[in-house]
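One is the number of the first residue; the rest follow in order along the sequence.
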Amino acid sequence: MTVGQRRGRKIMMTPGELDEFLATERTCRVATVSAGGAPHVSALWFVWDGASLWLYSVVRSRRWADLRRDPRVAIVVDTGEEYDRLRGVELSGAVEFVGEAPRTGQLRAELDLPETLFARKYFGLEEMPHDGRHAWLRLTPEKTVSWDFSKLGSV
């Protein structure tokens with residue numbers, strides 16, 4: 001269940017706007033916590049299936065190691081240069097590891113949709129190429145906060 005946004009209701013995205021935004025934006029920033037408690041933020045490609053954000057991460061990365069130890073994550077997707085064009089979303093919760101790691105392409109119905117979306121979005125292909133270095137993480141957000149400053153009108 002996603003917790004509703006309390007503040008900023010005037011600028012929050014509608015469910016349709018949120019789906020369109022997450023379907024078209026290409027890069028997110030993933031925040032994890034290291035074993036020593038230090039924050040770590042890294043950029044990553046993603047796809048949105050309407051309910052979950054799917055991350056295709058290198059399995060030999062600090063991000064992967066952090067999430068294996070503590071699956072809690074905060075992810076930001078944003079865009080805009082001018083104040084009245086700033087738009088974005090923060091999603092948080094705990095990730096799930098889905099499929100084999102690293103991903104080799106074994107049949108797994110649960111990965112059909114994210115792999116098709118990812119292959120189309122980033123490679124212009126109908127089938128996902130597997131490199132033996134990446135694997136899937138799924139975030140079904142517990143909390144989502146969005147903003148679209150164009151809804152403020154003239155500043």
Considering all heavy atoms of both residues, which atom of [X] and which atom of [Y] are nearest to each other, and what is their separation?
X: R133; Y: P102; value: N-CB, 3.9 Å
X: V73; Y: A31; value: CG2-O, 3.3 Å
X: V58; Y: H134; value: CG2-NE2, 3.3 Å
X: L91; Y: P141; value: CD2-CG, 3.5 Å
X: D78; Y: F21; value: CA-CZ, 4.0 Å
X: V77; Y: C28; value: CG2-CB, 3.5 Å

Inset, instruction - Answer yes or no: is there a donor N or O on one side and an acceptor on the other, between the side chain of E100 and the main chain of A135, under 3.5 Å? - result: no

Legend entry - Derivation and outcome, side chain to side chain contact (heavy atoms under 4.5 Å, CB included), residues R108 and V98: CA-CA 9 Å; R108 179 127 183 183; V98 183; 4.2 Å; yes

Inter-residue atom distance [X].[atom1] - [Y].[atom2], 0.5 Å rounding:
X: S92; Y: L53; atom1: OG; atom2: CG; value: 11.5 Å
X: D112; Y: L117; atom1: CG; atom2: CG; value: 10.5 Å
X: R120; Y: L125; atom1: CZ; atom2: CG; value: 11.0 Å
X: T140; Y: D49; atom1: OG1; atom2: CG; value: 7.5 Å
X: E82; Y: F149; atom1: CD; atom2: CZ; value: 13.5 Å
X: M12; Y: E17; atom1: CE; atom2: CD; value: 9.5 Å

Answer yes or no: is there a side-chain heavy-atom contact under 4.5 Å between [X] and [Y]?
X: M13; Y: R87; answer: yes
X: Y122; Y: V47; answer: yes
X: S57; Y: V30; answer: no
X: D70; Y: T32; answer: no
X: W48; Y: V89; answer: no
X: L139; Y: L55; answer: no
X: R26; Y: K121; answer: yes
X: L137; Y: W54; answer: no

Inset, instruction - In sequence, state the C-alpha distance, the side-chain angles, and the governing distance for E25 and F46, and then conclude on side chain to side chain contact (heavy atoms under 4.5 Å, CB included). - result: CA-CA 9 Å; E25 289 301 314; F46 69 94; 4.2 Å; yes

Inset, instruction - Mind running side chain to side chain contact (heavy atoms under 4.5 Å, CB included) on Y56 and F118 for me, showing each step along the way? - result: CA-CA 9 Å; Y56 199 53; F118 199 90; 3.9 Å; yes

Inset, instruction - Flag the pair E110 and R138 as a salt bridge only when some basic side-chain nitrogen lies within less than 4.0 angstrom of an acidic carboxylate oxygen. - result: yes

Inset, instruction - Scan side-chain atoms only and decide if W136 and E115 contain a donor-acceptor pair under the 3.5 Å cut-off. - result: yes

Inset, instruction - Look at the rings of F123 and W45 and say which category their plane angle falls in: under 30° parallel, 30 to 60° tilted, over 60° perpendicular. - result: perpendicular

Inset, instruction - State yes or no: do V33 and V95 share one hydrophobic cluster built from I, L, V, M, F, W and Y residues joined by side-chain heavy-atom distances below 4.5 Å, directly or via other members? - result: no

Legend entry - Greater than 12 external heavy atoms within 6.0 Å of R72's CZ: no

Inset, instruction - For the pair R103 and L111, evaluate side chain to side chain contact (heavy atoms under 4.5 Å, CB included) and give the outcome as yes or no after the intermediate values. - result: CA-CA 10 Å; R103 179 85 173 120; L111 291 174; 3.4 Å; yes

